[in-house]
Amino acid sequence: GTVKMKVAEHLVDSEEQYVGLLCGDHVKTGINTMFNTGTVVGIGANIYGSGYPPRFIRSFMWGGADGLKPGSLERTLESARYAVSRRGQTLSANEELLIRNHYAETVKEEKLR
């Protein structure tokens, strides 16, 4: 059959038989992290621990199968700066502002859950 993907609160049929992990920028995973087919991970997430994490992981969430919570914005930005520096570039002020705004919105929504 086709792979169904969870996006926010909705289950969406990809209409594809093969779909792997969809992963945002600046995501970190622990060694041997396992993901189900069609898992969606937002930007800046840090996934670790044993077992399969949820099939939808909001941006900036840290943890895994045992639970997720908002991670540190400053550590995420530090990691993003380091990642782009390895490519001889810098994180622009606009990129940083976009990450900061997305983080604020994500944490605000997480508190409403």
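Below, each value reflects all heavy atoms present in this structure, side chains not excepted, and no hydrogens, waters or symmetry copies. Since this is a predicted model, take the numbers as computed values, not measurements.
- Taking 4.5 Å as the limit, every side-chain heavy atom of E16 sits out of range of all side-chain heavy atoms of T2.
- One distance of note links CG of L98 with CG of L91; it measures 9.5 Å at 0.5 Å rounding.
- Other members of the hydrophobic cluster containing F35, listed by chain and number, are L21, V27, V41, I47, I57, M61, L68; membership follows side-chain contacts under 4.5 Å among ILVMFWY residues, whether direct or relayed.
- What you find for Q17 and V3 is that their closest heavy atoms are O-CG2, 3.4 Å.
- Heavy-atom minimum distance, Y103 versus P70: OH-CB, 4.5 Å.
- For the atom pair CE (M5) and NE2 (H10), the distance works out to 14.5 Å, reported to the nearest 0.5 Å.
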Scan the side chains in residues 73-85 for donor-acceptor partners under 3.5 Å anywhere in the protein, sequence neighbours excluded, and list what turns up.
| from | atom 1 | to | atom 2 | distance (Å) |
| --- | --- | --- | --- | --- |
| E74 | OE2 | R100 | NH1 | 3.2 |
| E74 | OE2 | R100 | NH2 | 3.3 |
| T76 | OG1 | S72 | O | 2.9 |
| S79 | OG | K28 | NZ | 3.4 |
| R81 | NH2 | E96 | OE1 | 3.1 |
| R81 | NH2 | E96 | OE2 | 3.4 |
| S85 | OG | Y82 | O | 2.7 |

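- Minimum heavy-atom separation, A65 to S50: CB-O, 3.4 Å.
- Counting heavy atoms of neighbouring residues, nucleotides and ligands inside a 6.0 Å radius, atom CG of N101 exceeds 12 of them.
- Between the side chain of S59 and the main chain of G42, no donor-acceptor pair closer than 3.5 Å is present.
- Tracing side-chain contacts under 4.5 Å through hydrophobic residues (I, L, V, M, F, W, Y), one reaches V19 starting from V40; they form part of the same cluster.
- Here NZ of K6 is found 8.0 Å from CG of L11. Values are rounded to the nearest 0.5 Å.
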Start with the C-alpha gap between Y48 and T29, add the side-chain angles, then the distance that decides, and say whether side-chain contact (heavy atoms from CB on, under 4.5 Å) holds. CA-CA 6 Å; Y48 50 85; T29 63; over 6 Å; no

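- Nearest heavy atom pair, residue G64 against residue P54, reads O-CD, 4.1 Å.
- Here the side chain of R55 pairs no donor or acceptor atom with the backbone of N36 at under 3.5 angstrom.
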